[in-house]
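A note on names: the letters A, B, ... follow the listed sequences, proteins ahead of strands, and every chain is numbered from 1.
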There are 2 protein chains.
Amino acid sequence: MVITNAYIIKKSPELRCKAEAAGLHSLIDFDGPIMTDSGTFQMHVYGKVDTTSEEIVAFQKSIGSDICTILDIFSETEDTREQAEAGMVETLQRASAASGLAEMELALPIQGGLYLDLRERCARELSRLEAAVYPIGGVVPLMESYRYGELVEVILHSKKGLRHDRPVHLFGCGHPMLFPLAVFLGCDLFDSASYIKYARDGRMLFSWGTRHISSMEELPCDCLVCRDNTVEDVLSMEDGERTRVLALHNLSVSFGELKRVKQALREGRLWEMVCHRARVHPSLLEAMASVKKHAPWIERYTPSTRPKGMLYTGLETLWRPEVYHVLDRLFSTELFPRDSYVLVPFMGGKSMDWSREHIDDLLRVWADRGVLVDSIFGPVPLELSEAYPFGGMILPSFPREWEASFYPTVGERRKKLVSRMEEWGKDVDELDIEGMGEAEDVSDEELRASFNAARMHCLCSYQFFPGAGDILLDGPMSLVVSKNTGKIRNVISGGEHILSLRAEDGMFSLKVPGARRLCQCEKGAKVVVDKDTGAFNREGKNVMARFVLSVTEEINPGDEVYVVDEDNALLAVGRALLNAQEMKDFTRGVAVKVREGVVSVCSEEEE
Amino acid sequence: MVITNAYIIKKSPELRCKAEAAGLHSLIDFDGPIMTDSGTFQMHVYGKVDTTSEEIVAFQKSIGSDICTILDIFSETEDTREQAEAGMVETLQRASAASGLAEMELALPIQGGLYLDLRERCARELSRLEAAVYPIGGVVPLMESYRYGELVEVILHSKKGLRHDRPVHLFGCGHPMLFPLAVFLGCDLFDSASYIKYARDGRMLFSWGTRHISSMEELPCDCLVCRDNTVEDVLSMEDGERTRVLALHNLSVSFGELKRVKQALREGRLWEMVCHRARVHPSLLEAMASVKKHAPWIERYTPSTRPKGMLYTGLETLWRPEVYHVLDRLFSTELFPRDSYVLVPFMGGKSMDWSREHIDDLLRVWADRGVLVDSIFGPVPLELSEAYPFGGMILPSFPREWEASFYPTVGERRKKLVSRMEEWGKDVDELDIEGMGEAEDVSDEELRASFNAARMHCLCSYQFFPGAGDILLDGPMSLVVSKNTGKIRNVISGGEHILSLRAEDGMFSLKVPGARRLCQCEKGAKVVVDKDTGAFNREGKNVMARFVLSVTEEINPGDEVYVVDEDNALLAVGRALLNAQEMKDFTRGVAVKVREGVVSVCSEEEE
């Protein structure tokens with residue numbers, strides 16, 4: 001998609017004439033979608049423009065722009081609250097006026113300066129109007145002066161007010177250094193002339209910063225320009241040619257970084273990428289403190305599991321959004337059915353690995369008392385040591401002096417959960433590692449079987465809801481074990497295949513008979529669709545967001561859900577791709593990736 | 001340079017025949033330098049090889065290898081101390097035998113397994129023999145299993161034993177993820193077949209990790225392969241073609257990373273790059289804890305200043321090698337000539353910025369009492385607030401909970417220096433920011449002039465040695481100020497231009513008259529050369545390391561030094577490019593970049 005500036009076209013007699021005669025697409029020789037900006041940024045730079053919002057919107061429409069932007073009021077970072085509010089109100093009025101016009105796709109920018117409640121209010125009001133895109137405006141001064149902490153606040157407060165079903169555009173964001181963070185915060189579109197402006201100044205963009213060509217001794221990148229030229233080559237070029245090749249480099253790096261962001265997003269590793277990039281400049285690291293403040297809100301949009309474990313990147317790992325999800329779920333008495341527990345002490349992040357390695361010894365302890373493993377989340381039941389995120393997390397082992405604050409935080413989490421457990425009447429002592437594995441009068445097989453049963457119950461409570469095991473696993477249980485790996489694959493209860501245990505994250509997939517048990521008790525994460533389209537879901541087709549009538553609150557993307565019609569007749573089981581709010585708001589796209597419809601279930605085969 | 005394996009050539013009748021007939025260069029069609037390996041790695045993989053060191057070295061020589069490697073004993077990571085020591089002793093004997101042979105450039109690998117004293121001893125013994133390259137061997141198992149902390153120890157202990165004047169090769173290091181760290185630790189050469197081995201398995205190397213092509217949805221890189229192909233394109237290729245393009249990608253990424261390392265090295269930003277990359281995998285972060293242990297040793301090889309400030313990347317910044325340099329120099333009573341001090345409190349890393357912004361107010365405080373500014377180095381005299389590293393450092397401002405351990409460390413440094421100052425009989429109180437800037441009976445001009453005089457003295461003590469100002473600035477002082485920037489440029493004492501103040505790092509360049517004063521007192525960093533070559537230095541030519549007779553201890557690269565002949569006659573002033581030990585050991589290259597020879601000094605012109 002291309003963005004260009006309608007105000008500049010309108011001001012130039014030549015461009016205007018061509019645009020009016022042959023249309024915008026012909027003017028710039030591009031037949032894909034074109035968005036036009038309105039002159040707002042020129043108002044910011046020059047203090048005023050000689051057009052009105054009506055006029056410039058009408059002009060955009062007349063030249064055939066695909067997405068027209070109103071002339072919003074650029075809120076300056078030094079605006080007083082009164083100024084910012086007045087500007088925002090004016091922006092809202094202009095948005096409202098433009099949205100009355102028919103047959104036009106609009107971009108309605110969110111303003112409000114550094115007043116976060118104004119940003120949220122502006123976003124909320126604009127969400128009531130129809131727009132193709134909601135840009136976040138007035139942020140270039142923040143980006144120019146590395147005020148990334150404030151940028152995070154502005155973006156997140158805008159997002160909090162915004163409807164979920166439209167793309168968000170971050171106006172003027174053109175430095176690849178910012179792309180991972182901006183995408184992480186929920187921005188979908190970027191535009192900037194930086195690639196060419198920087199090129200004219202001889203400056204090269206990199207995902208790790210900006211460098212002037214004259215300060216380089218190497219061209220440290222894999223793009224065509226850097227591969228085929230030396231620094232001397234570029235310096236000796238004519239101005240125009242130098243600008244051209246540097247602009248190509250800048251574009252190549254920008255698109256490369258967007259591809260890396262997309263790949264990270266698909267791998268579920270965008271958080272890690274953002275944390276990695278945060279070390280590129282202290283201001284980006286500072287921005288992570290703002291991200292931390294909003295982590296519980298971000299958590300609602302964060303997949304509840306992923307195929308690969310979390311990687312520790314620094315202290316911010318302790319406060320990543322997923323951690324709040326896990327902490328929430330750990331505070332549940334159903335995860336701790338025993339009266340007395342011993343705790344495997346915190347070993348600089350390696351206690352979980354240690355416990356898996358010593359599982360046989362620990363099981364002999366477990367015969368007597370429950371076993372907890374200390375972790376960065378606080379003490380975790382041994383039963384969960386293979387589930388996400390406890391199973392796959394990779395933590396370094398540091399000397400204490402290195403990350404002294406790591407320990408107090410972990411210590412507080414331990415204290416909090418242990419004292420809750422004590423309120424529940426449990427004993428918790430530290431494990432005596434030396435005295436571990438004393439003989440018990442029970443065979444290895446019996447012990448393993450009874451641990452596995454406890455594990456299935458514990459995991460049900462952790463993954464679905466406290467006590468879910470009582471419903472899902474009501475009846476004689478048997479476990480199907482993989483012949484290759486020796487790992488549990490299927491959980492059978494009362495002769496029905498209720499759950500499968502995924503190897504990739506140690507979590508359950510819900511099967512139709514399991515969903516039926518939940519559905520009968522009206523428990524668990526449920527998506528209601530209407531009967532007409534429900535017929536498709538019964539046959540195993542995905543649930544489209546537009547057909548969702550209602551959903552259980554607090555569904556996260558990645559959660560196991562079941563699908564019913566208005567009469568609570570079970571249709572299918574699958575995995576949520578959106579959270580509950582998004583399922584309600586979205587009018588396009590898949591809400592639930594259906595794994596089994598009740599009709600297709602008979603033909604299913606498992607190992 | 002190319003590396004290939006002489007053992008494999010020797011074992012293949014066809015290759016051997018060609019190599020013996022036409023020579024190695026013709027065999028692989030490469031006329032640049034070729035190094036050959038000996039079969040040691042095959043011994044590690046297959047348990048044994050059927051050749052001897054004498055035989056394989058002779059073979060390498062016979063086929064025209066440019067650098068021949070002895071058949072060293074691969075020390076396995078699970079070796080007992082006895083095994084590792086026996087292997088090392090055998091390696092030393094074979095090295096000794098080979099080094100007796102004439103007309104051959106040798107690679108003598110350092111072994112000793114995980115026994116660090118053995119590594120150091122092996123390196124020290126091998127340094128007595130002549131070799132073109134010193135590889136560090138037996139490290140592939142550490143790299144394969146992400147044991148980067150141990151890898152750091154092995155490299156650094158090898159380096160500690162090694163002579164300074166030969167390149168160090170890290171055997172089998174082929175993952176770009178490791179290049180910045182390995183170069184930072186002093187490795188100069190790398191070899192690996194990983195690029196092609198990984199390609200055969202469908203795996204792509206990146207500076208941020210490894211990915212299987214089938215797990216990719218984007219080709220997230222700017223290389224030709226990733227630019228011209230989609231994932232589907234690559235997956236649908238014939239095996240051979242897929243291997244070829246993935247190998248090209250892997251090579252492109254590897255060479256790109258080496259270019260980025262070189263650029264970072266030249267910018268003085270390699271530490272920041274290493275810290276940035278450390279967030280790619282927790283094991284790399286773990287390695288930083290090993291780096292920290294050796295930071296005081298690494299400091300000796302670290303430039304004492306650089307044009308741009310330090311960037312905070314995380315807690316490791318508190319322990320970067322340069323910090324030890326600074327801490328050393330701060331503990332000097334000459335930096336604290338006043339009896340009573342007030343301390344600008346620590347503001348999450350921003351106290352130094354704050355102090356520069358409030359310099360006028362602070363000077364009115366300074367009229368009465370000395371002013372200290374709290375920093376991550378502990379309290380720093382206000383006089384140094386524009387000097388490296390205090391001047392250009394960029395720190396984020398965090399909430400306390402974010403980097404809780406940041407504060408205790410900074411607090412300890414403060415306590416340590418303040419209690420030393422108290423031993424020296426000084427008062428130190430916290431600055432009352434509210435009551436700051438009370439009127440003093442002194443004009444702004446007088447105050448500024450007397451602060452500037454104190455600043456020049458303080459900086460002399462900090463940069464050269466405690467009390468250096470008494471020698472350098474003995475006599476009536478005047479300061480030449482830049483008309484453009486208002487900043488001090490030249491320091492004149494007794495009518496002579498003694499020092500220039502560099503804008504880039506707020507540190508002094510030494511001028512010939514200044515050097516003459518130091519030379520007369522036999523103080524300061526001095527490089528002695530012989531008279532014959534000294535004549536060139538008098539004319540402004542650089543000092544070559546091979547002509548250095550002796551040097552003051554504790555010269556760091558980047559230090560201001562003066563050059564004299566055996567009779568202590570001053571020849572030139574300039575900047576050290578090597579540290580003291582390197583100047584003594586090196587037989588090639590520039591030791592001191594001369595800025596002024598005593599002959600050329602008359603023609604000099606300054607602003």
Can you see which heavy atom on A/Val152 is nearest to which on A/Ser290, and at what distance?
CG1-CB, 3.6 Å
Please collect all side-chain hydrogen bond (donor to acceptor under 3.5 Å, both in side chains) contacts where either partner lies in residues 253-262 of chain B, sequence neighbours excluded, each pair once.
B/Glu257-B/Arg260, B/Glu257-B/Arg277
Looking only at B/Met273, B/His281, B/Glu267, B/Arg227, most heavy-atom pairs under 4.5 Å shared with chain A are made by B/Glu267
Turns out that what part of A/Ser252 lies under 4.5 Å from chain B's heavy atoms comes down to both
Considering only heavy atoms from C-beta outward, does the side chain of B/Leu219 approach that of B/Val231 to under 4.5 Å?
yes
Is B/Glu272 close to chain A through its backbone or its side chain, or both, or neither, when contacts mean heavy atoms under 4.5 Å?
neither
For B/Asp233 and B/Thr230, indicate whether the former's side chain and the latter's backbone hold a donor-acceptor pair under 3.5 Å.
yes
